[in-house]
Amino acid sequence: MSSEKTLRELADENDVTIGAGVPARSFRQYPDDPTLAQTLKREFNAITTANALKMGPLRPERKVYDFDDADAIVNFGVENDMTVRGHTLLWHKQTPEWFLAWDYTDDQLEAFVRDHIHTVAGRYHDKVDVWDVVNEAVADDGSMRETMWYEAMGEAYLDKAFEWANDVAPNADLYYNDYEIASDNDKADAVYDLLQRLLDRGVPIDGVGIQMHSLPSYQHSREGPEAVGANIRRFKDLGLDVQVTEMDVAYGPDEEFDDRLEHQAQYYRDVLEACLDNGCDTLITWGVHDAGTWLQNRYDVTSDPLLFDENFNPKPAYDAIRDLLESRS
Ligand code: G3I
């Protein structure tokens, strides 16, 4: 018979980290409804800032930082003894409008990025346990993505970003994070090669985050546990830690199953099992409940990709990963 232990209790017993990425609007949207906070602290032992630490939300003006949303999420994590993941120090998306309009020189951009990383990672040096330092530096075809950072500094921007983060947050684990790298494919190969080069150059990188948005358009994030496990293993063999950082499981309108939620549950379980069997101890879902998913209002995918339904009731996916952890306790 199943015990009454929560997901968090079972995760703690197994030395496993189960987290959720939380947009600040979730906190703002339910100011008088403690359900989100209660579910988070009862069921998860990690929390990720889904949007609040990205440059756009964080920097309304060039010289103005607004840390309110990020502080709310980070402090919630610290107060509730959760592992806090900071997402993300450097990404080409969600940059501020004033930034896009700024006519900088390469040197100015480099100084700007250095100050940004020093300021943000420095502020949370004793609160954020894991940073997604650079997000999505590789394009879908496996070439280096031609971001503003890449154009100004070349590939060395990654080296610098990790070094700047390490300057001010030497105790945090520093991650490279990307999508479509869950199995053996051209992009995953390119990320593998990039990580190898960073390690060869002595860059202070600790791990790689596999986002795992399992959607119809992301074929390599829907592959079976053997492929996912083998890919985790090869990243581990580089000497890096591996985490599943942004998991959700959605389907296209034409994908029909006898019971879609059971299929979803099985995939969550399979991925967690592949993770645990191959030396990865962390799975973060990209949201807590279905009402908070970034996939709402999309015509092309189902909008119930998470572990809890819109009323915070646990779904079959919750039971599936809880049962897996219980079976390993
Ligand atoms: O907060 C503003 C709000 O003030 C405004 O009224 C509203 C109008 O559109 O926009 C709100 O901002 C939105 C923000 O999410 C918060 O909801 C942005 O428009 C929207 O673009 C933004 O989307 C985020 C997306 O990244 C940006 O590309 C999603 O929430 C976020 O879940 C998603 O997360 C990314 C990871 O960071 C990296 N990996 C992929 C993942 C999914 O795309």
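Quick note: residue numbers are just sequence positions, from 1. When a ligand or atom number is given, it counts from 1 through the structure's own listing order.
Close approach of ligand 1 to Q211 (heavy-atom distance below 4.0 Å) involves ligand atoms 38 (C), 39 (N), 40 (C). The contact set between ligand 1 and N135, taken as ligand atoms under 4.0 Å from a residue heavy atom, comprises 38 (C). Residue-ligand proximity, W294 to ligand 1, at heavy-atom distances under 4.0 Å covers atoms 32 (O), 42 (C), 43 (O).
Only the side chain of W286 comes within contact range of ligand 1, with a heavy atom under 4.0 Å; no backbone atom does.
Geometric assessment of R234 against the ring of Y192 yields a positive cation-pi assignment under the 6.0 Å and 45° thresholds.
Aromatic ring centroids of Y179 and H213 lie 6.0 Å or more apart. Taking the six-membered ring for Trp and the full ring otherwise, the centers of H87 and W286 sit less than 6.0 Å from each other.
Remark: side-chain polar atoms of Y251 are paired, donor with acceptor, to backbone N or O of Q264 under 3.5 angstrom.
Atom 27 (C) of ligand 1 has its nearest heavy-atom neighbour, among H213, Q94, M212, in Q94. Between atom 15 (O) of ligand 1 and the options L215, N51, D132, the minimum heavy-atom separation is to N51.
Residue-to-ligand polar distances place K54 within reach of ligand 1: an N/O pair is separated by less than 3.5 Å. The shortest N or O to N or O distance between E246 and ligand 1 is under 3.5 Å. Close N/O approach between K93 and ligand 1 is not found [any backbone or side-chain N/O within under 3.5 Å]. In terms of polar-atom proximity, defined here as any N/O pair under 3.5 Å, E136 does make such a contact with ligand 1.
Counted within 6.0 Å of CG on D81, heavy atoms from surrounding residues, nucleotides or ligands total 12 or fewer; the atom is thus considered open.
A salt bridge links D290 with K315: the distance from a Lys NZ or Arg NE/NH1/NH2 to an Asp or Glu carboxylate oxygen falls below 4.0 Å.
A perpendicular orientation is assigned to the rings of F99 and W102, their planes being inclined by more than 60° (bins at 30° and 60°).
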